J.: 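Questions regarding the structure given below will be posed in turn.
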Amino acid sequence: RVMAFVGYSTGYKSGGLNSAGGAAALGTRRVFNSETAQDWSTGIKSLLFNRRLLMNVTAFRTELDDFQERSFDGVSFVIRNSGSIRAQGVELEGQAHPTSSIGLDFGLAYLDSTFTDNRLAPGLPACTGAPGSCPLTQDLTGRTPAFAPKWQVNLGIQYTSNPFMNGFSAQIRADANYSSRIHSTNDLNPQGFVDEFATVGGRMTIVSPDERWNISLYGHNLTDERYFRAKFPQVLDMVFGVRVPATGHTLMRGYVGTPRTVGLRLAMNF
């Protein structure tokens with residue numbers, strides 16, 4: 001019922017060619033090298049209390065060399081090698097069934113991700129390298145890479161009723177999810193921060209006696225949380241005159257999260 005494990009693995013993502021340039025000629029950016037990875041993990045997996053509690057915990061450390069990253073040059077994206085990354089942390093996941101009709105599931109992840117070497121990262125979007133402007137490259141060694149939240153949490157609870165009305169059953173479920181703030185641009189532009197956000201959802205389901213069909217009333221982001229998933233510089237920002245070379249800032253756009261959504265779903269099994 002309790003298992004401890006230790007693992008080690010290696011892998012790679014092959015290199016390749018960028019086929020088209022953007023605002024500037026590709027030059028040395030034409031070719032990008034393979035990305036290699038080493039991963040160590042250890043943890044415990046368990047089933048406790050007569051299988052009413054499943055609890056898994058894993059500690060991990062991943063090292064990436066010649067990390068492949070998509071860079072935006074103002075017009076298009078190219079893939080470049082962005083030094084080395086060390087990502088380490090702990091993940092906890094579990095399921096609990098305190099009664100036959102109530103179920104809980106939860107997850108918690110802590111991530112410490114750092115550039116151990118990234119000395120020629122792209123400068124901020126409006127940098128020109130000219131006197132009075134910021135440089136075209138920057139040293140991001142020791143900084144946190146993009147899309148690496150320090151904390152992520154999810155929690156769910158579900159109630160399943162006893163049969164009623166000749167075999168029908170009902171399920172009621174609620175979910176909550178949280179993510180801490182992240183960088184969403186690979187130049188770690190302060191304008192590209194995505195703030196922390198939390199969403200709540202729910203679902204009520206009626207299941208037929210033979211389980212061939214069910215009907216659900218569901219809701220996502222019930223609190224109508226307004227948040228971004230990612231941000232990016234305005235395409236052709238130089239043409240629109242929104243660049244500030246002295247600071248490197250420009251106009252940013254972004255992808256927003258799904259607003260409050262409520263729906264009805266009917267499903268059948270054949």
Side-chain angles (χ1 to χ4, degrees), residues 13 15-36 63-87 111-151 179-197 226-257:
K13 185 188 299 182
L17 301 171
N18 289 302
S19 59
L26 284 171
T28 58
R29 300 178 300 161
R30 172 73 66 182
V31 179
F32 56 92
N33 297 325
S34 296
E35 174 188 314
T36 60
E63 294 184 354
L64 303 172
D65 290 316
D66 283 326
F67 175 61
Q68 292 178 6
E69 190 170 53
R70 296 177 72 223
S71 297
F72 185 68
D73 64 6
V75 177
S76 62
F77 286 92
V78 295
I79 297 176
R80 60 184 293 274
N81 296 108
S82 299
S84 302
I85 289 178
R86 181 193 67 235
L111 176 63
D112 174 25
S113 185
T114 304
F115 279 116
T116 55
D117 182 20
N118 190 7
R119 303 179 188 281
L120 293 175
L124 298 182
C127 295
T128 65
S133 177
C134 43
L136 294 174
T137 62
Q138 55 180 326
D139 185 355
L140 297 181
T141 303
R143 302 280 301 277
T144 299
F147 298 105
K150 185 74 72 176
W151 293 98
S179 177
S180 59
R181 71 188 311 217
I182 59 170
H183 287 286
S184 65
T185 59
N186 60 4
D187 55 13
L188 305 190
N189 185 347
Q191 293 180 290
F193 263 122
V194 170
D195 290 328
E196 63 180 3
F197 65 89
R226 305 299 177 90
Y227 63 98
F228 283 98
R229 290 196 174 275
K231 296 180 181 179
F232 56 91
Q234 166 68 49
V235 177
L236 299 175
D237 57 346
M238 184 179 296
V239 175
F240 292 105
V242 294
R243 288 191 167 195
V244 185
T247 62
H249 291 171
T250 187
L251 177 66
M252 301 291 287
R253 295 194 178 273
Y255 297 106
V256 297

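From a predicted model like this one, the values you see are computed outputs, not experimental measurements. Along the sequence shown, the residues carry numbers beginning at 1.
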J.: Find out whether P122 and R80 are in side-chain contact, i.e. whether some heavy atom of one side chain is under 4.5 Å from a heavy atom of the other.
T.: yes
J.: Quick check against the 3.5 Å criterion: does E35 have a side-chain atom that pairs as donor or acceptor with the backbone of N81?
T.: no
J.: To check you understand the geometry: which heavy-atom pair defines the closest contact between L124 and P190, and what is its length?
T.: CD2-CD, 4.4 Å
J.: Quick one: does F32's side chain get under 4.5 Å of N18's, heavy atoms only?
T.: yes
J.: Look up atom CG in L236 and atom CG in L251, then write down how far apart they are to the nearest 0.5 Å.
T.: 12.0 Å
J.: Check step by step if side-chain contact (heavy atoms from CB on, under 4.5 Å) holds for R226 and V256.
T.: CA-CA 8 Å; R226 305 299 177 90; V256 297; over 6 Å; no
J.: Kindly compute the distance separating OG (S113) from CD1 (I182), expressed to the nearest 0.5 Å.
T.: 11.5 Å
J.: Taking the side chain from D195 and the backbone from Y227, do they hold a donor-acceptor pair closer than 3.5 Å?
T.: no
J.: As an exercise, state the distance from NZ of K13 to CG of D66, rounded to the nearest 0.5 Å.
T.: 12.0 Å
J.: Just wondering, do K150 and D112 contact through their side chains at under 4.5 Å, heavy atoms?
T.: yes
J.: Are the side chains of V194 and R229 in touch, meaning some heavy atoms are under 4.5 Å apart?
T.: no
J.: Applying the side-chain contact (heavy atoms from CB on, under 4.5 Å) criterion to T128, which one of P135, C134, S133 satisfies it?
T.: S133
J.: Using 30° and 60° as the class limits, which term best fits the ring planes of Y255 and F232: parallel, tilted or perpendicular?
T.: tilted
J.: When rounded to the nearest 0.5 angstrom, what is the spacing between NE2 in H249 and CD in Q191?
T.: 4.5 Å
J.: Does the side chain of E63 reach to within under 4.5 Å of the side chain of T116, using non-hydrogen atoms?
T.: no
J.: What pair of heavy atoms forms the shortest contact from P125 to D237, and how long is it?
T.: CB-OD2, 4.5 Å
J.: Report yes or no: do S84 and R86 form a side-chain donor-acceptor pair below 3.5 Å?
T.: no
J.: So which heavy atom on R119 is nearest to which on T141, and how close?
T.: CG-OG1, 3.7 Å
J.: Output yes when a side-chain donor or acceptor of S180 lies under 3.5 Å from a complementary backbone atom of P149, and no otherwise.
T.: no
J.: Given side chains that start at C-beta, do those of E69 and I79 come closer than 4.5 Å, heavy atoms only?
T.: no
J.: Is the distance from the ring center of H183 to that of F147 below 6.0 Å?
T.: no
J.: Determine whether a donor-acceptor pair (N or O, by modelled atom type, separation under 3.5 Å) exists between the side chain of N118 and the backbone of L140.
T.: no
J.: Contact between M252 and P233 at the side-chain level, heavy atoms closer than 4.5 Å - yes or no?
T.: yes
J.: I'd like to know whether the aromatic ring centres of F228 and F193 sit less than 6.0 Å apart in this structure.
T.: no
J.: For the atom pair CG (L120) and OG1 (T137), what is the distance rounded to the nearest 0.5 Å?
T.: 5.5 Å
J.: Can you measure from OG1 (T250) to CG (N189) and round to the nearest 0.5 angstrom?
T.: 9.0 Å
J.: Taking C-beta and beyond as the side chain, do Q138 and L188 meet within less than 4.5 Å on heavy atoms?
T.: no
